[in-house]
Protein chains: 4
Amino acid sequence: MTVSASPERRRELLNTAAEVFAAQGYNATTVRKIADAAGMLAGSLYYHFDSKESMVDEILATFLTELWDGYDAVLAAGLGPRETIEALVTESFREIDRHRPAVAIYQKESRHLAAQPRFGYLTDSQQKFEKAWLGTLERGVTEGVFRADLDIRLTYRFVRDTVWVAASWYRPDGHHSPEEIARQYLSMVLDGIAVRT
Amino acid sequence: MTVSASPERRRELLNTAAEVFAAQGYNATTVRKIADAAGMLAGSLYYHFDSKESMVDEILATFLTELWDGYDAVLAAGLGPRETIEALVTESFREIDRHRPAVAIYQKESRHLAAQPRFGYLTDSQQKFEKAWLGTLERGVTEGVFRADLDIRLTYRFVRDTVWVAASWYRPDGHHSPEEIARQYLSMVLDGIAVRT
Amino acid sequence: MTVSASPERRRELLNTAAEVFAAQGYNATTVRKIADAAGMLAGSLYYHFDSKESMVDEILATFLTELWDGYDAVLAAGLGPRETIEALVTESFREIDRHRPAVAIYQKESRHLAAQPRFGYLTDSQQKFEKAWLGTLERGVTEGVFRADLDIRLTYRFVRDTVWVAASWYRPDGHHSPEEIARQYLSMVLDGIAVRT
Amino acid sequence: MTVSASPERRRELLNTAAEVFAAQGYNATTVRKIADAAGMLAGSLYYHFDSKESMVDEILATFLTELWDGYDAVLAAGLGPRETIEALVTESFREIDRHRPAVAIYQKESRHLAAQPRFGYLTDSQQKFEKAWLGTLERGVTEGVFRADLDIRLTYRFVRDTVWVAASWYRPDGHHSPEEIARQYLSMVLDGIAVRT
DNA sequence: CATGAATGAGTCTTCATTCAT
DNA sequence: TATGAATGAAGACTCATTCAT
């Protein structure tokens, strides 16, 4: 594997690449576009990275590592189901805030990429993800804090999608902090948008 | 424009193409893959269509036409805000049911395609869409049926995304009819997943 | 695997490719050079072949198949050691005559190519080859028709190289038929170039 | 021309390069592979050498200089034709022993390289070579020590190839000294491998 | 209607080479 | 002397598209 001496340059380039991947899609992003955005020639990128693929790889792997650091901390905290969901959602919006391009790439390309062995960790992560969220929801139903009349898998998908699609429109320069957005989302998800009668 | 003699063959081919586009993404879908799926050679597709682009074009345009037929009927019915939202959501899940590949393509590629003049109608549709949903939500807030303490644009995105992402996992062979899914989604969106205390 | 309908065109192109490979070496031969020699564009070759590699593959495999057809016939004929060597040498020069470019490629590139699993048959062939020649020589020593005072492996290499290097200078338009060359080579190999005293 | 301070380092590097060139072929050898083998970075080689080409150049030129030192001594010794051939063959195996990588490179690449003006000396050397060997053989035929019934150019190629291909399998750590191998080769070439009847 | 064959532009990648430090 | 980083030209391969049959 190509590893350049200065990790800062590497990270810089990966940030640039992530931005372009997120904006144009992995396939539509040519190595030349990334290089242009980085102010160098296409071939020069290969001094730092093995391939275009290894770039997404590193972008996604880095993001998922950080994501799971946060998630695992939440899951280990021994909170009740509702508080766990609240903490996971908040953590998710924080990740979207910090890794927006990576999250957008993950959303658009992970299904596609996961077909390759190299990206097996995407599938692994997705399974861990499902277990964490679905498990918490089930616990909540059991403990009577979440509604029992809903299809639990539907609920899971609802909550999951609801959070992560936000990465497609979220712009960090907006007026809302990730915590503020999380609070509103949680309010909608938990209590609905209808006025209580 | 190339027009083949039999419109049925044309529609068949477009269905095939839509399936492949949805499964692999527009860019990753080669004309050859579509032709393979249709049991012909790549070049032969050009008897029926001008280009790969004109295929997505026709797929998306057909879908949007039908979608707006349904939406316009709902919007013209003079329902109250809550009933309008319910009808729009239900209509949306019906469209997902009937045009799943088209919806999936729309989700993944529309931002990307809308950059080209040829696909200007995607932007138009999106604006009409926003006006319809956002307007209904605002009306609902004014009339006191939707919560006033939420950022209305956030609510809009929440409801919109919540519905359409379903196209990414929806499988028509499932146990749930579109109406059943719509009912559950509406229940979650309107009343939340938390048990009322 | 790409297989064009007309095997003749395929063979034509392979002949062209073999000529270029033989003249310039596999690595130094660009796909464009082959295409130029064939009067088409580089990309067009990929309608007929999967890759540059698959071209050499087919060239070498075809050659080796024919070679072993001939060799196996000789080995199955139940000849004495000396007659076997004579027949093998003659057969070899015939193959050089018919597949000169393929033989030249085999000489120059087989060691290099054999490293890849795809070309495993090169190693197999080489082992069969060694067994056939070395075995015959050993039989000859045992039966007293070949000298016993020589290192048998050295003799094997001597005879083997002696024959096959001829491919590097042999030109089919020469005055010598393959049989004539074989006869002279055999005379040298068997009886030496020195005048008997 | 770049000239490094210590000629020993230069020679070390050339030996390394020759080894890699011989093992992988000139074209397939990247400057980076040579640098790896030498324990430095690719760019660093350019402190010592002008180019990859100048490396082979120096390797081959050095080898040919030494070869001709030996050959010229033999040719000047006034030996009879048979003794001259014996001495040349022995000298050749000694060169193979001392410059195996260079000889291998010469075998594989000289035809290819000779096309460039810079390597004109390869053609010159080859012509001198032919004159020496062919002349000696002709003298031998005239003097009645070599067979007159053979095509003399065929004989020349036979003897020449017979000796030099050995470089492709010769390994200095073997049981045979160059002189021993030369003796056996000469015995085969001069007297043949068949038992005299 | 469909095939077979080709085009040509573009993509990812490699690599010899340069040069400031 | 050697490194790190970059250049730029070229190479293998892909793919939308064309067109004669």
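Protein chains get the first letters and strands the later ones, always in sequence-line order, with residue 1 at the start of each.
Atom CD in C/Glu12 sits about 11 Å away from atom P in E/dA5, given to the nearest Å. Rounded to whole Å, the distance from CZ on C/Arg10 to C1' on E/dA6 is 16 Å. If you measure from atom CZ of C/Phe49 to atom C1' of F/dA12, you get 16 Å, rounded to the nearest angstrom. Here the C1' atom of nucleotide E/dC15 and the CG atom of A/Asp50 are 15 Å apart, to the nearest Å.
The stretch residues 26-41 of chain C comes close to DNA chain E through C/Met40, C/Leu41, each having a heavy atom under 4.0 Å from the strand.
Which of F/dT1, F/dC13, E/dC12 sits closest to the side chain of C/Ser51 comes down to F/dC13. With distances taken from any side-chain atom of C/His48 to the nucleotides E/dT7, E/dA5, E/dT13, the minimum falls on E/dA5. The side chain of A/Tyr47 has F/dA6 as its nearest neighbour among F/dA6, E/dT3, F/dT1.
The shortest distance between side-chain heavy atoms of A/Leu60 and A/Tyr121 falls below 4.5 Å. Contact of the C/Glu66 side chain with the C/Arg98 side chain is registered, since non-hydrogen atoms from C-beta on lie closer than 4.5 Å. Residues D/Arg111 and D/Gln126 fail the side-chain proximity criterion, which asks for heavy atoms closer than 4.5 Å. By the 4.5 Å heavy-atom criterion applied to side chains, A/Gln116 and A/Glu53 are counted as neighbours.
Between the side chains of C/His112 and D/Gln24, no donor N or O sits under 3.5 Å from an acceptor N or O.
In this pair, B/Phe63 and B/Trp164 present their aromatic rings perpendicular. The plane angle is above 60°, beyond the 30 to 60° band.
The phosphate of E/dG4 has neither OP1 nor OP2 within less than 4.0 Å of any side-chain N or O from C/Arg9. For D/Tyr46, a side-chain nitrogen or oxygen approaches OP1 or OP2 of E/dT17 to under 4.0 Å.
For the pair B/Lys52 and A/Leu45, both in contact range of DNA chain F, the more 5′-proximal nearest nucleotide belongs to A/Leu45. Comparing A/Glu53 and B/Ser44 by the nucleotide of DNA chain E whose heavy atom lies nearest to each, the residue mapping closer to the 5' end is B/Ser44.
Nucleotides F/dT21 and E/dC1, compared at atom C1', are 12 Å apart to the nearest Å.
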From CA spacing to verdict: side-chain contact (heavy atoms from CB on, under 4.5 Å), A/Lys52, A/Phe21: CA-CA 10 Å; A/Lys52 181 182 161 184; A/Phe21 281 140; 4.1 Å; yes
Residues A/Lys108, B/Glu109; criterion salt bridge (charged side-chain N to carboxylate O under 4.0 Å, His left out); working and verdict: CA-CA 10 Å; A/Lys108 254 202 256 177; B/Glu109 321 285 355; over 6 Å; no
Dot-bracket line, read 5' to 3' along DNA chain F, where crossing pairs take [ ] and | marks a partner on another strand, Watson-Crick or G-U under 3.5 Å: .||||||||||||||||||||
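D/Ser44 contributes no side-chain N or O that, together with a main-chain N or O of D/Met40, makes up a donor-acceptor pair within less than 3.5 Å.
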